[in-house]
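When a ligand or atom number is given, it counts from 1 through the structure's own listing order. This structure is a prediction, so every number in the text was calculated from the model and none was measured.
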Amino acid sequence: MTAPKTSSAGATRKGPKPPIPLSVLTGFLGAGKTTLLNSLLNDPAMADTAVIINEFGEIGLDHLFVGQAGEGIVELSSGCLCCTIRGDLVTTLENLLRHLDNGRTERLSRVVIETTGLADPAPILHTVMLHPYLVMRYRLESVVTLVDAVNGVQTLDEHEEARKQAAVADRIVLTKTDLLTTPEQTASFQTLRKRLKALNPGAGVLDVQAGEAVPGKLFDAGLYDPATKIPDVAGWLNAEAYDGQDHDHGHTHDHAHGHGHGEGHHHHHPHGHHHGHGDHGHAHDVNRHSEAIRAFTLSTDRPVSASALEMFLDLLRSAHGPKLLRVKGIVQIAEDPDRPVVIHGVQHVFHPPATLEAWPDDDHSTRMVFITKDLPEGFVRKMFEAFSGALRPDTPDPKALTDNPLAITGFTSPVR
Ligand SMILES: Nc1nc2c(ncn2[C@@H]2O[C@H](COP(=O)(O)OP(=O)(O)OP(=O)(O)O)[C@@H](O)[C@H]2O)c(=O)[nH]1
C-alpha cells in the first residue's frame, strides 16, 4: 500500500473506490468499429479512458504513442490508455486495476472493450459480472452496437448474432450513412431504423456521420449520471420508448396483456399499425425476422415483497436465462418502500441488486424492461403477477379486476 500523496487523495482512498464504468463496443464484421475507435482514440474527451482492443496492428496508433506502461498497455497523446488482451479478459482488466492502484495510472474513468465482429457481447459482460473481485471494481455501463446503414437490413436478416447485438445495446450507432445515395438505399435505411426500433426500442440511436458518436453520448448510458453521480432512472430504463412496440407483432398482442379485455387496448394506438398499403413486403419482413426477439415492459404501483422479487428473478434466470437478452428495472420493495432496488441482468447473470438511498423522482412505481428471445411477454407478465400479486395500473379496467378478490392474488389466469 502506498501512502496517500495529499490529504485530499487520502480522503478518497478511504473506503472502496467507486466502480469504474465499463462499456462494450460491438458490431457486425465491417460495421466500422475500427474506424470509430481510431477517431475516438484521438479525441481528448477520451482522456482517462482505457480501450481494450484485439491488437495494436489493426489501428495505426504509432503516431499517438506517448509511452509504454507495460503489460501491453500504452499511453496515447489524447490521454487515453490502449491495451490489447493479454491472456484473457480477466487478466487484462486486473492489469488495468493494478496500474491504477499502484499509481502508474492516475485516473481511470472508463473502460471500453472492443469485441470481434461475430461476438455475442453477453459472455464478455458475464466475465465481469461473475467475477467476485472485478464485479466490485467495474460497473457495466453500456453496450454500444454499431450498425452499417447500407448493409444493415441484410445483415440483420441473415445473422442471428447481428440481431442479438442490436437487441442488447444501450446505444445503437449508425455508420456509413454518407453512402446512402440511391432511393433503394434510402428505403432500406428506413426499414433498418424500423427494425432496430422493434428489436430494441429503448436504445438511443446515434449517427457517426452526423458527428453524434462522441464519447459523452456513446458511453454514458448507465444508471448514474457521470457528472453528478445521481441515478437517472428514467433515462436508463427509457420505458416510455416501449409503448406500442408490440404492435409490430400483431398476434402477440392478445397474449401480452392477458386480462381478458381483448378490445380494451385503448392506450396503445400511436400511428395505426395496420399492415398492407404499399410496402407490404417490407412490413412483413420486419415481423418475420424480429418476432423471436421482443421488447416489453412490466410495471406496477403495488410494492413487491423482497422474497417475491427474488423468487421471480431466480425462476426467470434459472429456467429461461438464455432467453433473457437484457433485463433492467427499478422495484419498490414492500419492506422498504422508500429505497428502490435496481436490477440489471444479461441472460442468466444478474448484477447484485443495488439499493438506492432514495427515489430519484416522484415516480415510485416498479418498472422493468425486458428484451427477450423466444420468451413471450404474456408468459413473463403472468409469472410476475403470480409472484407479486401485481396488477398493471393501466389494465383496461383495473376497478373490475380489483373488485374481484380472485383476480388480485394473481394466480388466476383470466385469458388463455
Ligand atoms: N463511407 C464510410 N465508410 C466507413 C464508415 N465507417 C467505416 N467505413 C469503412 O468501412 C470499412 C470497414 O470498417 P472497419 O472500421 O474496418 O470495420 P470493423 O467493424 O472494425 O470491421 P471488422 O474488424 O472486420 O469487424 C472500412 O473500409 C472503413 O473505411 C463510414 O461512416 N462511412
Side-chain angles (χ1 to χ4, degrees), residues 23-43 45-46 49-64 72 74 76 78 80-86 89 92 111-125 142-193 195-196 199-200 203-219:
S23 296
V24 173
L25 186 73
T26 181
F28 208 69
L29 292 169
K33 295 179 295 295
T34 309
T35 307
L36 179 63
L37 273 176
N38 243 321
S39 70
L40 286 174
L41 292 173
N42 276 302
D43 188 334
M46 291 289 281
T49 298
V51 179
I52 300 177
I53 62 175
N54 298 308
E55 50 185 320
F56 288 134
E58 68 178 276
I59 302 190
L61 283 177
D62 302 10
H63 62 292
L64 295 174
V74 297
L76 304 181
S78 55
C80 189
L81 289 178
C82 194
C83 53
T84 54
I85 299 221
R86 287 286 175 102
L89 184 59
T92 306
V111 171
V112 176
I113 303 172
E114 178 203 9
T115 71
T116 57
L118 286 169
D120 173 359
I124 295 175
L125 305 175
S142 53
V143 177
V144 178
T145 300
L146 273 59
V147 179
D148 178 328
V150 180
N151 301 315
V153 168
Q154 193 184 348
T155 307
L156 289 180
D157 277 349
E158 292 173 3
H159 300 281
E160 167 90 33
E161 300 91 332
R163 293 194 287 278
K164 276 168 91 175
Q165 286 176 345
V168 301
D170 297 283
R171 296 274 185 269
I172 291 174
V173 178
L174 298 169
T175 62
K176 310 191 194 179
T177 48
D178 56 312
L179 298 180
L180 298 170
T181 46
T182 67
E184 291 75 29
Q185 286 172 328
T186 308
S188 153
F189 180 60
Q190 295 311 325
T191 305
L192 176 66
R193 296 205 62 142
R195 291 278 298 276
L196 294 171
L199 280 171
N200 188 345
V205 178
L206 305 170
D207 180 345
V208 172
Q209 292 297 327
E212 294 169 350
V214 293
K217 289 186 181 175
L218 276 175
F219 303 119

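- For ligand 1, the atoms lying closer than 4.0 Å to a non-hydrogen atom of Gln209 are 30 (C), 31 (O), 32 (N).
- Looking at Arg163, its side chain does come within 3.5 Å of a backbone N or O of Asp157 through a donor-acceptor pair.
- Close contacts between ligand 1 and Ala31 involve ligand atoms 17 (O), 19 (O) [criterion: under 4.0 Å to a heavy atom].
- Partners of Asp148 according to the side chain to side chain donor-acceptor pair (under 3.5 Å) rule, which considers only residues two or more places apart in sequence or in another chain, are Asn151, Lys176.
- Of all heavy-atom pairs spanning Phe219 and Ser142, the tightest one is O-OG, 2.9 Å.
- Summarising the local packing, CD of Gln190 is surrounded by more than 12 heavy atoms from other residues, nucleotides or ligands at distances under 6.0 Å.
- For the ligand labelled ligand 1, residue Leu179 lies inside the 4.0 Å heavy-atom shell.
- With sequence neighbours excluded, no residue forms a side chain to side chain donor-acceptor pair (under 3.5 Å) with Thr186.
- In terms of polar-atom proximity, defined here as any N/O pair under 3.5 Å, Asp178 does make such a contact with ligand 1.
- Atoms of ligand 1 found under 4.0 Å from any heavy atom of Leu29 (numbered from 1 in listed order, with element): 25 (O).
- Those atoms of ligand 1 with a heavy atom of Lys33 less than 4.0 angstrom away are 15 (O), 17 (O), 18 (P), 19 (O), 20 (O), 25 (O).
- Remark: Lys164 does not engage Glu161 in a salt bridge, criterion side-chain N to carboxylate O under 4.0 Å.
- Between Thr35 and ligand 1, an N or O atom pair is found at a separation short of 3.5 Å.
- Distances from ligand 1 to the non-hydrogen atoms of Gly30 include at least one value under 4.0 Å.
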